[in-house]
Amino acid sequence: MNNPVANDGKTAAIVAYFTIIGTIIAYFINNDRKNPFASFHIRQALGVHLTFYLLGALVSIFDSWMITYSFWIFILVLGIYGLVTAIQGEQRPIPLLGESFQKWFSTIH
């Protein structure tokens, strides 16, 4: 992990995964330097948070603990995966949705 670009953007990348407020803070931390590593993880984290809210609204319609637990496990796995890759200094997209997040939020630099 001797990548200077990843080291410079690591703080913003990690902060992005802690709530939607963390993503907003990370965006402003990265606003001046435009670090590509941090931008990648900000897009991934934003996607995870928006998925949480959109799927959460859908899941709330159902009165099933199995659907609710499955939802929470899905979101936790996505968030933890992204956080671990940020800590390791890697740019691996989140499974299932990561490539789409990069396309949809491509304006975030």
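Using a distance-only test at 3.5 Å, with no hydrogens or angles considered, no donor-acceptor pair links the side chain of N30 to the main chain of A38. Between the T23 side chain and the I42 main chain, no donor and acceptor come within less than 3.5 Å of each other. Side chain of K10 to backbone of I87: a donor-acceptor contact under 3.5 angstrom is found. Looking only at distances, a side-chain donor or acceptor of Q102 sits under 3.5 Å from a matching main-chain atom of F40.
When ring centroids are compared, Y53 and H49 stay outside the 6.0 Å threshold. Taking the ring centroids of W72 and F52, they lie under the 6.0 Å cut-off.
Residues P95 and Y81 meet the side-chain proximity criterion, which asks for heavy atoms closer than 4.5 Å. Taking 4.5 Å as the limit, some side-chain heavy atom of I108 sits within range of a side-chain heavy atom of Y27. Residues F105 and Q44 have side chains not in contact (no heavy-atom distance under 4.5 Å, counting atoms from C-beta outward).
Taken to the nearest 0.5 Å, the CG atom of L78 stands 12.5 Å off from the CG atom of L83. In this structure, CD1 in I94 is found 11.5 Å from OG in S100, a value given to the nearest 0.5 Å. With values rounded to the nearest 0.5 angstrom, S70 atom OG is found 12.0 Å from F62 atom CZ. Taken from OH in Y17 to NE2 in H41, the straight-line distance is 5.0 Å, to the nearest 0.5 Å.
Follow the hydrophobic side-chain contacts under 4.5 Å out from L46 and you never reach V84; the two are in separate clusters. In the hydrophobic cluster analysis, where Ile, Leu, Val, Met, Phe, Trp and Tyr join through side-chain heavy atoms closer than 4.5 angstrom, L96 is grouped together with L50. Hydrophobic clustering (ILVMFWY, side-chain heavy atoms < 4.5 Å, transitive): V77 and F71 are in distinct clusters. I61 and V59 fall within the same hydrophobic cluster, where Ile, Leu, Val, Met, Phe, Trp and Tyr residues are linked whenever their side-chain heavy atoms come under 4.5 Å apart, directly or through other members. L58 and L97 end up in the same hydrophobic cluster when Ile, Leu, Val, Met, Phe, Trp and Tyr side chains are linked at under 4.5 Å.
Atom NZ of K34 sits in a crowded spot, with more than 12 heavy atoms from other residues, nucleotides or ligands closer than 6.0 Å.
The minimum heavy-atom distance linking N35 with G9 is given by the pair ND2-N, 3.3 Å. Across all non-hydrogen atoms, the minimal contact from A45 to A16 is CB-O, 3.2 Å.
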